Amino acid sequence: ESFSMAILALRLSAGANGVSMRHGQVAREMWRNLWPGTPTAEVPITHITNGVHGRTWIGHDMMNLLLRYLGPRLLERPEDPALWKRVERISDEELWHTHERRRERLVAVARERVERQWTRRGATAGEISEATQILHPDVLTIGFARRFATYKRALLLFRDPDRLSRILNNPDRPVQILFAGKAHPRDNPGKEFIRQIVHMARREDLRRRVIFLEDYDMELARYLVQGVDVWLNTPQLGMEASGTSGMKAAMNGVINLSVLDGWWVEGYSPQTGWRIGSGERYDDEQSRNDVEAEALYDLLEKDVVPLFYSRGTDGLPHEWIARMKQAIAHITPVFSTHRMVREYTERLYFPSAMRYSRLKDNGYAVTRD
């Protein structure tokens with residue numbers, strides 16, 4: 001292009017950063033030609049990983065539970081990892097029942113919204129009454145909610161719809177999926193993704209297991225990140241700068257199932273969630289989608305679903321709850337806005353302010369020199 005705002009910003013800024021470790025690596029590779037002869041690793045673009053504000057996104061019942069076990073310092077020092085280790089003290093029964101109540105609320109909200117959606121479309125009375133029967137408050141619930149850009153690959157889960165149907169409709173271990181999100185008004189391919197998901201959700205074998213919720217907003221986002229059991233993220237590798245919805249979910253004890261991209265490169269561990277693939281690169285997009293869809297189905301069939309439905313004599317999924325605790329304890333303090341703002345301040349803003357102070361001393365003598 002004849003003039004680039006991005007290059008202007010990089011030329012004139014005192015510092016530049018990506019919004020995750022992975023994004024920093026990609027940005028250095030993208031812009032290395034602006035610093036000819038400089039090794040890519042030394043291109044002056046750093047990274048500060050995004051964070052989210054816990055008190056905005058953690059549900060009230062979960063926050064009350066955390067305050068009882070972690071104490072009031074949680075509100076003052078939410079970025080303190082030592083404090084979050086106390087999550088292990090929460091009884092499995094209390095944590096699980098708190099989460100079950102949130103899933104029940106999500107199902108109730110989803111039914112109400114679907115009833116309104118179908119009414120607007122002119123559905124019959126029988127179809128509208130069916131909205132009260134969709135979903136189930138005791139079934140493993142997966143959430144996928146975000147901006148519908150094509151690189152986020154919302155359709156990856158439908159690569160083999162018959163296999164997906166078998167997973168969702170297993171009589172002993174059923175699964176249900178909630179989709180929500182919007183595409184940019186000018187992003188026609190993104191809007192086409194939404195149309196295809198809505199079309200798939202009308203299949204007779206999927207219509208009570210796959211639901212698309214319209215009018216995605218912060219209110220609906222809160223119900224989703226607090227009430228689902230698994231947060232699904234399937235971006236094309238190297239395209240997700242950071243992503244924050246998975247952070248919001250993890251703070252609520254929701255377990256992430258994601259491609260190793262964006263923030264999940266830093267957040268993933270076998271104790272906190274699942275990864276789709278190992279960050280492999282493919283020259284052919286179709287091959288990549290086939291391989292990663294297969295990996296996703298395998299994870300659901302062999303790991304995710306069995307773990308959720310594996311119950312102790314007390315009816316609790318103790319191994320699942322252990323992962324919930326690990327997700328809360330390890331992800332919440334690291335991926336908080338408190339840590340993020342402190343890092344921006346200490347690494348970028350204060351050093352820039354100090355440099356400016358030196359340059360303006362004695363009537364800008366150093367600058368003039």
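Computed from a predicted structure; not experimentally measured. Counting from 1, the numbers follow the sequence of the chain as shown.
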Using the rule given for salt bridge (charged side-chain N to carboxylate O under 4.0 Å, His left out), can you reason through R86 versus D80, listing the C-alpha separation, both sets of side-chain angles and the distance that settles it, and then say yes or no? CA-CA 11 Å; R86 299 179 189 175; D80 183 359; over 6 Å; no
Could you walk me through whether K85 and E88 pass the salt bridge (charged side-chain N to carboxylate O under 4.0 Å, His left out) check? CA-CA 6 Å; K85 291 180 180 178; E88 292 295 333; over 6 Å; no
Given the rule in the side chain to side chain donor-acceptor pair (under 3.5 Å) test, do S245 and R146 qualify, once you have shown the distances and angles that lead to the verdict? CA-CA 7 Å; S245 60; R146 52 187 47 89; 3.3 Å; yes
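Using a 4.5 Å heavy-atom threshold, the side chains of Q196 and L155 count as touching. Two residues are said to be in side-chain contact when any heavy atoms from C-beta on lie closer than 4.5 Å; L157 and F179 meet this criterion. Two residues are said to be in side-chain contact when any heavy atoms from C-beta on lie closer than 4.5 Å; V366 and R358 fail this criterion. Residues V228 and I142 fail the side-chain proximity criterion, which asks for heavy atoms closer than 4.5 Å. Using a 4.5 Å cut-off on side-chain heavy atoms (C-beta onward), N256 and N233 make no contact. With a 4.5 Å cut-off on side-chain heavy atoms, H47 and V19 do not count as touching. Residues R281 and L237 have side chains in contact (heavy-atom distance under 4.5 Å, counting atoms from C-beta outward). Residues T141 and V230 form no side-chain contact, since every pair of their non-hydrogen atoms from C-beta on lies 4.5 Å or further apart.
Pairs passing the ring pair (Phe, Tyr, Trp, His ring centres under 6.0 Å) check and including a residue from residues 180-217, sequence neighbours excluded, read F148-F212. For the salt bridge (charged side-chain N to carboxylate O under 4.0 Å, His left out) condition, the pairs that include at least one residue of residues 173-201, sequence neighbours left out, are E192-R195. Residue pairs meeting the salt bridge (charged side-chain N to carboxylate O under 4.0 Å, His left out) criterion with at least one partner in residues 305-329, sequence neighbours excluded, are D92-K325. Residue pairs satisfying the ring pair (Phe, Tyr, Trp, His ring centres under 6.0 Å) criterion with at least one member in residues 265-297, sequence neighbours excluded, are listed as follows: W264-Y268, W274-W320.
When the ring-ring contact (aromatic ring centres under 6.0 Å, His included) test is applied to H99, the partners found at least two apart in sequence or on another chain are W96. For K248, the side-chain hydrogen bond (donor to acceptor under 3.5 Å, both in side chains) test picks out no residue, with sequence neighbours left out. For R105, the side-chain hydrogen bond (donor to acceptor under 3.5 Å, both in side chains) criterion is met by D61, not counting sequence neighbours. Partners of T56 by side-chain hydrogen bond (donor to acceptor under 3.5 Å, both in side chains), not counting sequence neighbours, listed by chain and number: H53. Applying the side-chain hydrogen bond (donor to acceptor under 3.5 Å, both in side chains) criterion to R103, with sequence neighbours excluded, gives D229. A search for ring-ring contact (aromatic ring centres under 6.0 Å, His included) contacts involving Y344 returns Y349, not counting sequence neighbours.
When atom types are taken as modelled, the side chain of E301 and the backbone of I167 share no donor-acceptor pair closer than 3.5 angstrom. Between the side chain of Q133 and the backbone N or O of A131, no donor-acceptor pair lies under 3.5 Å. Not one N or O on the side chain of R275 forms a donor-acceptor pair closer than 3.5 Å with the backbone of S269. In this structure, Y309 contributes its side chain and P174 its backbone to a donor-acceptor pair below 3.5 Å. Remark: the backbone N or O of D205 is paired with a side-chain donor or acceptor of N169 at under 3.5 angstrom. Counting only distance, with no hydrogens or angles, the side chain of D261 and the backbone of G238 share a donor-acceptor pair below 3.5 Å. The backbone N or O of S129 sits less than 3.5 Å from a side-chain atom of T132, completing a donor-acceptor pair. Using modelled atom types, no side-chain atom of S310 and backbone atom of P306 make a donor-acceptor pair closer than 3.5 Å. Checked by atom type and distance alone, the side chain of T345 pairs as donor or acceptor with a backbone atom of V341 at under 3.5 Å.
Taking 4.0 Å as the cut-off between side-chain N and carboxylate O, E214 and R116 do not count as a salt-bridged pair. Using a 4.0 Å cut-off between charged nitrogen and carboxylate oxygen, R222 and D217 do not count as a salt-bridge pair. By the 4.0 Å N-to-carboxylate-O rule, E294 lies close enough to R163 to be salt-bridged with it.
The closest side-chain donor-acceptor pair between S336 and R339, if any, does not fall under 3.5 angstrom. Judged by distance alone, the side chains of T272 and Q326 never bring a donor and an acceptor atom under 3.5 Å apart. Of the N and O atoms on the side chains of E292 and T234, not one donor lies less than 3.5 Å from an acceptor on the other residue.
Atom CD of E280 sits in a crowded spot, with more than 12 heavy atoms from other residues, nucleotides or ligands closer than 6.0 Å. More than 12 heavy atoms of other shown residues, nucleotides or ligands fall within 6.0 angstrom of atom OH in Y151. More than 12 heavy atoms of other shown residues, nucleotides or ligands fall within 6.0 angstrom of atom CZ in R355.
Screening R208, R202, R207 against E204 for a salt bridge (Lys or Arg N to Asp or Glu O under 4.0 Å) leaves a single residue, R207.
There is no path of hydrophobic side-chain contacts, each under 4.5 Å, that joins M21 to W31.
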Considering only distance and modelled atom types, tabulate donor-acceptor pairs under 3.5 Å from the side chains of residues 69-77, sequence neighbours left out.
residue: Y69; atom: OH; partner: E94; partner atom: OE1; Å: 2.3
residue: R77; atom: NE; partner: E79; partner atom: OE2; Å: 3.3

Which pairs of donor and acceptor atoms, one on a side chain in residues 34-46, lie under 3.5 Å apart (sequence neighbours left out)?
residue: T38; atom: OG1; partner: W35; partner atom: O; Å: 3.1
residue: T46; atom: OG1; partner: R347; partner atom: NH2; Å: 2.4

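The cationic atom of R22 (NZ for Lys, CZ for Arg) does not lie both less than 6.0 Å from the six-membered ring centre of W263 and within 45° of the ring axis.
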